[in-house]
Amino acid sequence: MRRRGTIELRYSSSCTANWARIYDASNGQQFYVETETRSVWWHAIGSTGYGDMVDGSGTACACILKDVCTAWH
């Protein structure tokens with residue numbers, strides 16, 4: 001059985017950027033950050049993964065597939 005993992009939406013005020021962190025996930029688990037204008041997807045490598053930084057000037061959420069998402073911030 002694949003572990004979906006835990007997803008976090010991270011934010012840096014110094015560079016106004018959001019990114020996602022996934023942990024305790026199965027290797028290859030898909031996750032993404034959704035902003036007001038786009039979604040950017042990644043795959044976990046091992047049990048942990050970090051997505052690239054995306055524009056953090058608007059609201060965003062981080063999701064594992066389309067099932068488990070953080071709140072919009």
Side-chain angles (χ1 to χ4, degrees):
M1 183 170 161
R2 290 181 58 99
R3 293 184 318 271
R4 292 200 180 230
T6 301
I7 190 84
E8 297 176 337
L9 178 66
R10 310 298 296 259
Y11 176 75
S12 170
S13 59
S14 63
C15 54
T16 316
N18 286 309
W19 68 95
R21 175 182 178 239
I22 190 172
Y23 60 93
D24 194 28
S26 294
N27 186 39
Q29 179 67 61
Q30 294 179 328
F31 65 103
Y32 66 97
V33 170
E34 185 171 346
T35 68
E36 297 163 341
T37 59
R38 67 184 191 144
S39 297
V40 182
W41 289 78
W42 302 278
H43 291 88
I45 298 172
S47 64
T48 302
Y50 291 88
D52 296 337
M53 291 183 168
V54 297
D55 181 11
S57 60
T59 58
C61 70
C63 301
I64 301 172
L65 296 176
K66 297 225 180 252
D67 299 336
V68 178
C69 296
T70 65
W72 284 82
H73 296 278

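Reckoned from all heavy atoms, side chains included, excluding hydrogens, waters and symmetry mates. Index from 1, following the sequence. What you are looking at is a predicted structure, and each value in this text was computed from that prediction instead of being measured.
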Asks: Which heavy atom of Asn18 sits nearest to which heavy atom of Ala60, and what is that distance?
Replies: ND2-CB, 3.5 Å
Asks: Could you pull out the closest heavy-atom pair between Tyr11 and Gly56, with the gap in Å?
Replies: CE1-O, 3.7 Å
Asks: Distance from Ser12 atom OG to Met53 atom CE, nearest 0.5 Å?
Replies: 5.5 Å
Asks: Whether the side chain of Thr70 engages the backbone of Ala62 through a donor-acceptor N/O pair (distance < 3.5 Å, no angle test) should be reported.
Replies: yes
Asks: So which heavy atom on Ile22 is nearest to which on Ala44, and how close?
Replies: CG2-CB, 4.0 Å
Asks: For Cys63, check disulfide bond (SG atoms under 2.5 Å apart) against everything at least two apart and list the hits.
Replies: Cys69
Asks: State which residues pass side chain to side chain contact (heavy atoms under 4.5 Å, CB included) with Thr37; sequence neighbours excluded, sorted by chain then number.
Replies: Thr35
Asks: Before you tell me yes or no, could you show the steps for Gln29 and Leu65 under side chain to side chain contact (heavy atoms under 4.5 Å, CB included), namely the whole-Å CA-CA distance, both residues' side-chain angles and the distance that decides it to 0.1 Å?
Replies: CA-CA 8 Å; Gln29 179 67 61; Leu65 296 176; 3.6 Å; yes
Asks: To the nearest 0.5 angstrom, please state how far the CZ atom of Phe31 sits from the CZ atom of Arg4.
Replies: 14.5 Å
Asks: Ignoring hydrogens, what is the shortest heavy-atom contact between Glu36 and Trp72? Give both atom names and the distance.
Replies: N-CZ3, 4.4 Å
Asks: If you group Ile, Leu, Val, Met, Phe, Trp and Tyr by side-chain heavy-atom gaps below 4.5 Å, do Val33 and Ile64 land in one group?
Replies: yes
Asks: Can you list everything that forms a side chain to side chain contact (heavy atoms under 4.5 Å, CB included) with Thr6? Sequence neighbours excluded, please.
Replies: Tyr23
Asks: Hey, what do you get for CH2 (Trp42) to CZ (Arg21), rounding to the nearest 0.5 Å?
Replies: 14.5 Å
